[in-house]
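Everything below concerns the one structure shown next.
Owing to the predicted nature of the structure, the values given are computational and were not obtained by experimental measurement. By convention in this document, chain letters (A, B, ...) are assigned in the order of the sequence lines, proteins followed by strands, and residues within each chain are numbered from 1.
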Number of protein chains: 2
Amino acid sequence: MDETSRRILRLLQKEPELTVAEIGQRVGLSHTPCWRRIKEMEKLGIIRDRVIRIDPKMVGYDVSVFCFVRLKQHDEETLLEFERAVRAMPEVVQCYSMTGEHDYVLRVLTSSVRQYEEILKKALLKLPGVGFVNSSFALDELKNTLEVPV
Amino acid sequence: MDETSRRILRLLQKEPELTVAEIGQRVGLSHTPCWRRIKEMEKLGIIRDRVIRIDPKMVGYDVSVFCFVRLKQHDEETLLEFERAVRAMPEVVQCYSMTGEHDYVLRVLTSSVRQYEEILKKALLKLPGVGFVNSSFALDELKNTLEVPV
DNA sequence: GGTGAAAAGTCGCCCAT
DNA sequence: ATGGGCGACTTTTCACC
């Protein structure tokens, strides 16, 4: 990982449409070595993958909810069950275990506040081991990027 | 947006490596109409773009911090300044304005707890209008997907 | 809205340096 | 390690149903 590879990463993040040859050109490499560096970074796991981004609002998900969860018990089994259940819920797009007053923070996509009620009552509060849930609605998404400073 | 287009979206999300021809095959279309549908969804903004995902841990960002911010004042100008400043900080990968006890929640990437201190003192606490900051560290990222249920 | 062929362009991989 | 060249494959366009 030298400066050239970092420049390639920056370009790939900023302008994902660039072709390998174009990236090579901008970093002063012909397409073969540039391609090899990209493949190497993929193999190492630095580059995880390429994904498409869908605009949630365009398909009916107008609301993002942050949902702070405390568990009743903290034994290994409860944790694993909870985590498995969360991963299986497609509306939950992010989930982190946390320090501080809450055990987990989730971000949940819903079409409306009303539908969030549903998800909360029917799914979130019924997740394995859940003791306490505190929800905050996102009024606006100011920033949501995958770009990592390199 | 009929069921066929939704199936295309699902495939694009689950298996981004698929070629247009393969996707067409799976949804019962030849490659041209499939391609036209994808382009249409891009033009409509349903498909925002294609991005590469870098593994933050692989480039030295081992810690995600959730940072809850309350502003001192809530006039238009303070808000806009704060939001502009947040967007300019590359370590801040997500920022939402919120209902509830905090005005904003940010997710911040750092290399260590120590470096977070730095960012907190030198940047976050100095953002325009910031009154109060409460930070929680992410112990583990259980889920972080861009997949939207369609 | 659908098909199929053909063009343009990119990638992936050989080899030489 | 880099650069050049070439075949294979994908995307994109086009003519037509």
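One N or O on the side chain of A:Gln115 and one on the backbone of A:Ser111 form a donor-acceptor pair closer than 3.5 Å.
If you measure from atom NZ of A:Lys39 to atom C1' of D:dT2, you get 19 Å, rounded to the nearest angstrom. In this structure, A:Leu18 atom CG and C:dT10 atom C1' are separated by 13 Å, rounded to whole Å.
Not a single donor-acceptor contact under 3.5 angstrom links the side-chain atoms of B:Thr32 to the base of C:dG2. For B:Ser30 against C:dG2, no side-chain N or O and base N or O form a donor-acceptor pair under 3.5 Å. At a cut-off of 3.5 angstrom, counting only N and O atoms as typed in the model, there is no donor on one side facing an acceptor on the other between the side-chain of B:His31 and the base of C:dG2.
Taking the centre of each ring, B:Phe66 and B:Phe137 stay at or above the 6.0 Å mark. Residues A:Phe68 and A:Tyr96 keep their aromatic ring centres 6.0 Å or farther apart.
The side chain of A:Arg36 places no N or O atom within less than 4.0 Å of a non-bridging phosphate oxygen (OP1 or OP2) of C:dC13. Side-chain N/O atoms of B:Trp35 include one lying less than 4.0 angstrom from OP1 or OP2 on D:dT12.
Closest-nucleotide positions on DNA chain C for B:Cys34 and A:Ala21 were compared, and the one nearer the 5' end corresponds to B:Cys34.
By the neighbour-count criterion of 12 heavy atoms within 6.0 Å, atom CD of A:Glu77 is sparsely surrounded, having that number or fewer from other residues, nucleotides or ligands.
Comparing C:dC11, D:dT12, D:dT11 against the side chain of B:Thr19 picks out D:dT11 as the nearest.
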